[in-house]
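FYI, side chains are in, hydrogens and waters are out, and symmetry mates aren't considered; it's all heavy atoms of this structure. Residue numbering restarts at 1 for every chain, and letters A, B, ... go by the order of the sequence lines. From a predicted model like this one, the values you see are computed outputs, not experimental measurements.
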There are 2 protein chains.
Amino acid sequence: MVEYPVPDLADVTMEAVLKALGDPTRLAIVRMLADGRPRPKADVWQQFSTTKATCAHHFKTLRGAGLVTYDVHGRTHDIRVRRAELDERFPGLVAAVVGS
Amino acid sequence: MVEYPVPDLADVTMEAVLKALGDPTRLAIVRMLADGRPRPKADVWQQFSTTKATCAHHFKTLRGAGLVTYDVHGRTHDIRVRRAELDERFPGLVAAVVGS
DNA sequence: CCAATTGTTTGACATTCATCTAACGGTGTC
DNA sequence: GACACCGTTAGATGAATGTCAAACAATTGG
C-alpha cells in the first residue's frame, strides 16, 4: 500500500501556495476541484493536453504545497482540494483565486 | 519625461497575478505596500538583501502584472499597489494574500 | 556645462522548472 | 502466476527566471 503524505498546513507558507498556483495547468486543476469534492485523477488529466507524466508532476507539486490530497482506491486515485483546511489556514484565498 | 505604463486590469489574468506573487521578494514587496499608499522605491529595496538592479526587475514584473504603479517625482519614484482597482478586478485576493 | 544621484537596462550566469519518452511499480482480473 | 491497467519515477532537454556587475539614461544642483 503506497502512501502519499500531505504536509501539515501550519507548515505551509503563503509563498509556497502562490508558487504552486502560479502555473496555468495547476491553477486550472485547483479551480476544477475547488469545491473540495474528490475526482478521479484520470478525469482530471484528460482535460488537459499534457501527458499523464506531466500531470502526475503537477499533482505532486500541488500536494507538496498542501493544496490537494489523494484518496487511493485500489488501482485508481481520487484527487481533492483540501478546501476546509485551506480556508482555515488562508482565509478567503481559495475563494478569491477561484473567483467564486 | 519617462513613462511607465500599466496594463488595464481587465486584460490581466489571475494566472499572471499569481505568477508575479509566486516569488518571495515580490510577495514581500506587495505585502509591504498592500495598503495602497505610495512609498519611495529606495525605501523598499533597502529592506531587502538584493541589489538595486534585481529590485528594479521585480518592480517591473509587478507592474507588468498590474499589481503596482509608479509615481514619478523628479529623480525619485514612489511605488504603490493598485489596491482599489485590484479589489474590484480580483475581489478578496489582495486581502487574502496579505493575510489582512 | 559638469558632477552627483536615482533608477533602468544589458549581458552573463546558474538555477529552476515544465515537458516528454521510457521504464518501473502496485493492483485487480483472468 | 501472467497480463492488463493506473499512476509514478527517472532521465533528458529546452525554456524561463532570479541574480549580479557594469554600463546607461534621466534629473537635479552647483
Side-chain angles (χ1 to χ4, degrees), chain A residues 1-7 13 15-33 38-80, chain B residues 1-7 13 15-33 38-65 67-81:
Chain A
M1 179 76 166
V2 189
E3 287 296 323
Y4 299 96
V6 293
T13 63
E15 175 192 327
V17 170
L18 293 176
K19 195 165 186 175
L21 292 173
D23 173 85
T25 302
R26 288 195 293 267
L27 178 58
I29 293 171
V30 169
R31 281 178 153 158
M32 187 181 310
L33 306 173
R39 286 249 220 133
K41 286 184 177 177
D43 288 11
V44 174
W45 83 256
Q46 282 170 11
Q47 308 263 351
F48 300 97
S49 52
T50 67
T51 63
K52 246 192 317 183
T54 299
C55 216
H57 160 67
H58 287 311
F59 290 161
K60 190 176 183 177
T61 301
L62 288 171
R63 179 167 54 91
L67 284 162
V68 304
T69 188
Y70 308 161
D71 300 336
V72 178
H73 297 123
R75 267 190 306 206
T76 70
H77 304 178
D78 285 359
I79 183 172
R80 163 173 69 83
Chain B
M1 179 75 166
V2 189
E3 287 297 323
Y4 299 95
V6 293
T13 64
E15 175 192 327
V17 170
L18 293 176
K19 193 166 187 175
L21 291 173
D23 173 85
T25 302
R26 287 194 294 266
L27 178 59
I29 292 171
V30 169
R31 281 178 154 159
M32 188 180 309
L33 305 172
R39 286 250 220 132
K41 287 184 178 177
D43 287 11
V44 175
W45 84 256
Q46 281 171 12
Q47 307 264 348
F48 300 97
S49 52
T50 68
T51 63
K52 244 192 318 182
T54 298
C55 216
H57 160 68
H58 288 312
F59 289 162
K60 189 177 184 176
T61 301
L62 288 171
R63 180 166 55 90
L67 284 162
V68 304
T69 188
Y70 307 161
D71 300 336
V72 178
H73 297 124
R75 265 187 312 205
T76 70
H77 304 178
D78 284 0
I79 183 171
R80 164 173 68 83
V81 167

Exercise. Side-chain contact test, heavy atoms from C-beta onward, threshold under 4.5 Å: evaluate it for L62(B) versus V30(B) and give yes or no.
Key: yes

Quiz item: Are any of the side-chain heavy atoms of V2(B) and V72(B) separated by less than 4.5 Å?
Solution: no

Rounded distance in Å - [atom1] ([X]) to [atom2] ([N]):
X	N	atom1	atom2	value
E3(B)	dT27(D)	CD	P	10 Å
Y4(A)	dT9(D)	OH	C1'	10 Å
F59(B)	dG18(D)	CZ	P	15 Å
H57(A)	dA10(D)	NE2	P	14 Å

Quiz item: Heavy atoms under 4.0 Å, any strand shown: does T54(B) hit a base, just sugar-phosphate, or nothing?
Solution: base

Self-check item: Under-4.0 Å side-chain N/O to phosphate OP1/OP2 contact, H58(B) with dT19(D)
Solution: yes

Quiz prompt | Below 4.0 Å: OP1/OP2 of dG7(D) and any side-chain N or O of H77(A) | solution = no

Practice problem: Give, ordered by number, those residues of residues 60-73 of chain A having at least one heavy-atom distance below 4.0 Å to an atom of DNA chain C; if nothing qualifies, reply none. | Solution: none

Quiz item: Of T25(A) and R75(B), whose nearest nucleotide on DNA chain C comes first from the 5' end?
Solution: R75(B)

Exercise. Give me the one residue out of T61(A), L21(A), L67(A), V68(A) that meets side chain to side chain contact (heavy atoms under 4.5 Å, CB included) with R26(A).
Key: T61(A)

Quiz prompt | Sorted by number, the residues of residues 44-53 of chain B with heavy-atom contact under 4.0 Å to DNA chain D | solution = S49(B), T50(B), T51(B), A53(B)

Self-check item: Opening and closing nucleotides of DNA chain C in contact with chain B, under 4.0 Å to non-hydrogen atoms
Solution: dA4(C) to dT9(C)

Quiz item: Say you draw a straight line from CZ of R63(A) to OG1 of T69(A); how long is it, rounded to the nearest 0.5 Å?
Solution: 8.0 Å

Quiz item: Hey, what do you get for OG1 (T76(A)) to NZ (K41(A)), rounding to the nearest 0.5 Å?
Solution: 10.0 Å

Practice problem: Could you tell me whether a side-chain N or O of R80(B) sits under 3.5 Å from a main-chain N or O of L33(B), the two making a donor and an acceptor? | Solution: no

Quiz prompt | Pair listing, ring pair (Phe, Tyr, Trp, His ring centres under 6.0 Å) test, anchored in residues 55-74 of chain A, at least two apart | solution = Y4(A)-Y70(A)

Self-check item: side-chain hydrogen bond (donor to acceptor under 3.5 Å, both in side chains) partners of T13(B), counting only residues at least two apart
Solution: none

Self-check item: For T54(A), side-chain hydrogen bond (donor to acceptor under 3.5 Å, both in side chains) partners two or more places apart
Solution: T51(A)

Quiz prompt | Atom of D71(A), atom of P38(A) and distance for their closest heavy-atom approach | solution = OD2-CB, 3.9 Å

Practice problem: State, to 0.1 Å, how close G64(A) and P7(A) come at their nearest heavy-atom pair, and which atoms those are. | Solution: O-CG, 3.5 Å

Quiz item: Picking from dG7(D), dA26(D), dA4(D), which would you name as closest to the side chain of V2(B)?
Solution: dA26(D)

